[in-house]
Undergrad: 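One structure, pasted below without further comment.
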Amino acid sequence: MGNPEPKPLKRFRRGLVWLRNDLRLNDNTALYRGAQSCRELAAVFIACPISWQEQDEGEPVVAFRLACLRELQQRLAERNIPLYFLEIARFQQVPRAMEEIVHKLEIEALFANSEYPYNEQRRDDAVRTALKNAGLQVEFCSDRTLLPPGAVKTGGGETYKVFTPFKRAFVARCGSDYFAPLPPPRKMETAAGWPRWIQLAEQHNLVRTIPGKLPGYELTPDRNGRLLGWMPGEKAGARHLRAFREKIGRYALERDFPAKDATSRLSPYLNCGAVSIRQCVQMAFAENGGGWSGGNQGAECWLGELLWREFYTHLIAAFPRLSMHKPFKPDTDRVPWKYDAQLFRSWCEGTTGVPIVDAAMRQLNETGWMHNRLRMVVASFLTKNLLIDWRWGERYFMQRLIDADLAANNGGWQWAASTGTDSVPYFRVFNPYSQSKRFDRHGEFIRRFVPELRHLSEKAIHCPPPLDGYPAPVCDVAQSRDQAIAAFAGLRNL
DNA sequence: AGAGTTTTGTA
DNA sequence: ACAAAACTC
């Protein structure tokens with residue numbers, strides 16, 4: 001438990017919270033700190049569609065983010081915190097725009113929660129420098145992870161590169177510390193002093209209303225407010241967390257079966273910040289006797305998964321090359337990756353002729369999400385059986401996932417491609433047919449997403465005979481596996 | 001959070 | 001004859 005908070009000190013007349021992927025009122029460190037230390041508080045969100053596109057963030061993740069922001073705007077307004085929405089093309093233009101904003105709004109202090117990919121860090125460094133030079137107080141908070149990246153180091157002062165020792169050190173460091181969520185910000189006395197909008201130079205309009213879509217992003221919520229079936233917002237995120245709590249006891253046993261819906265499905269909310277990591281840990285601890293282990297098998301297992309997210313976020317902060325399309329192990333760039341556009345397209349569309357792969361890719365395309373077991377299966381298939389550059393797969397996932405997160409996605413892809421730290425050994429190649437029989441025994445999941453195969457028996461569905469209307473496999477799984485192993489083995493120092 | 005083959009252990 | 005363990009890639 002933390003120490004009792006000192007009485008809030010309202011040092012600043014006007015503060016600004018810069019919202020990014022932390023779109024919630026509750027347990028938002030920067031928002032809480034801002035409300036605590038300022039008499040008046042506003043929030044700003046800066047959409048950077050070109051930079052987002054350049055780093056492969058696709059329509060699903062962007063649309064979901066904006067829909068969560070729209071919900072948050074209402075909740076902020078109820079607390080007399082106006083939200084200013086600004087769209088500018090690129091991160092590089094953010095510092096200039098931010099200088100103007102804080103000047104026009106007479107801001108004395110800026111609060112934001114840290115982001116850790118390289119481009120975001122550089123953007124934030126530039127903003128910090130610009131605003132400090134202008135005499136402002138700038139506070140970047142640790143919020144996205146349980147501990148700030150860099151807080152857990154090996155005995156030799158190194159970043160952990162292997163998950164298991166990282167986890168051991170992390171748990172030892174935290175013991176059964178309770179990562180208590182923060183309360184929502186207090187209601188500010190008034191919002192009357194804030195302008196409704198500001199005109200900036202270079203035709204940047206700051207407005208209080210949020211567009212449903214940005215140029216280039218066509219995805220809009222359906223009649224019920226859902227995006228690809230996902231309800232955006234902090235309330236929906238909290239509902240998901242509560243619903244998962246009901247079944248977390250079965251998580252360890254059932255999570256690997258994609259037909260079962262036994263996973264938390266919280267990733268879209270965690271990624272844009274509609275749910276916080278501390279809220280997740282608080283729930284899991286409550287189900288697990290108040291600590292990391294020893295209580296509920298399912299809760300314990302899920303806490304381990306949350307630590308994978310923690311691990312990959314610490315890694316993305318420590319190694320800029322992970323944000324730059326480079327493998328963690330440089331030698332793996334000498335793997336003779338293929339760049340076959342037609343094969344790649346069959347993988348993207350879910351027409352490889354390997355049912356479990358096709359079902360998984362269609363789940364991604366149709367719902368913006370894919371079960372984690374299947375993420376491993378399709379990534380192994382692309383990078384080992386097809387020997388296509390893992391970066392093509394990584395990019396496609398970023399473009400299609402509603403939970404697209406550079407740290408977790410890059411970590412997962414480099415794990416599957418054997419290019420990462422603590423990745424799967426190159427000779428350990430998934431057989432998609434074995435995986436299919438093991439984890440979708442009755443073909444239930446395949447039938448859900450590959451209607452052409454619905455009529456097949458559970459015997460035939462994993463590896464169907466030649467059929468009208470369904471492609472033959474694009475590769476021989478056994479042969480391509482051997483070729484991939486040979487290609488990796490041909491390199492030294494792996 | 002591998003898969004395939006061979007060896008060993010038990011009847 | 002079969003399963004579990006032990007190798008290999």
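In what follows, chains are A, B, ... by sequence order, proteins preceding strands, each numbered from 1.
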Undergrad: With sugar-phosphate meaning primed atoms plus P, OP1 and OP2, does A:Arg481 contact a base, only sugar-phosphate, or nothing at under 4.0 Å between heavy atoms?
TA: base

Undergrad: So what does A:Asp482 hit on the nucleic acid, given a heavy-atom distance under 4.0 Å: a base, only sugar-phosphate, or nothing?
TA: nothing

Undergrad: Given atom OH of A:Tyr426 and atom P of C:dC9, what is their separation to the nearest angstrom?
TA: 9 Å

Undergrad: Only counting residues at least two apart or in another chain, list the ones meeting ring-ring contact (aromatic ring centres under 6.0 Å, His included) with A:Phe166.
TA: A:Phe170, A:Phe311, A:His314

Undergrad: Starting at CG of A:Leu491 and ending at P of C:dC9, how long is that distance when rounded to a whole Å?
TA: 17 Å

Undergrad: Could you tell me which residues satisfy ring-ring contact (aromatic ring centres under 6.0 Å, His included) with A:Phe427, sequence neighbours excluded, listed by chain and number?
TA: none

Undergrad: Run the side chain to side chain contact (heavy atoms under 4.5 Å, CB included) test against A:Ser323 and tell me which residues pass, sequence neighbours left out.
TA: A:Pro117, A:Tyr118, A:Ile316, A:Leu406

Undergrad: Determine all donor-acceptor pairs shorter than 3.5 Å in which one atom belongs to a side chain in residues 64-72 of chain A; sequence neighbours excluded.
TA:
from, atom 1, to, atom 2, distance (Å)
A:Arg65, NE, A:Asn21, OD1, 3.0
A:Arg65, NH1, A:Glu57, OE1, 3.2
A:Arg65, NH2, A:Glu57, OE1, 2.4
A:Arg70, NH2, A:Ile210, O, 2.9
A:Glu71, OE1, A:Glu234, N, 2.8
A:Glu71, OE2, A:Lys235, N, 3.4

Undergrad: Mind calculating the distance between CG (A:Asp256) and C1' (B:dG2) to the nearest angstrom?
TA: 13 Å

Undergrad: Looking at the rings of A:Phe45 and A:Trp18, which for Trp means the six-membered one, are their centres under 6.0 Å apart?
TA: no

Undergrad: Show the atom names and distances, to 0.1 Å, of all donor-acceptor pairs under 3.5 Å that link a side chain in residues 237-252 of chain A to residues at least two apart or in another chain.
TA:
from, atom 1, to, atom 2, distance (Å)
A:His240, NE2, A:Tyr269, OH, 3.4
A:Arg245, NE, A:Glu287, OE2, 2.6
A:Arg245, NH2, A:Glu287, OE2, 3.1
A:Lys247, NZ, A:Asp261, O, 2.9

Undergrad: Take the protein atom CZ of A:Phe488 and the nucleotide atom P of B:dA3, then report the distance between them rounded to whole Å.
TA: 17 Å

Undergrad: For A:Ile485 and B:dG2, give me the distance from atom CD1 to atom P, rounded to whole Å.
TA: 13 Å

Undergrad: In residues 428-438 of chain A, what residues come within less than 4.0 Å of DNA chain B, judged by heavy atoms?
TA: A:Arg428, A:Val429, A:Asn431, A:Ser434, A:Gln435, A:Arg438

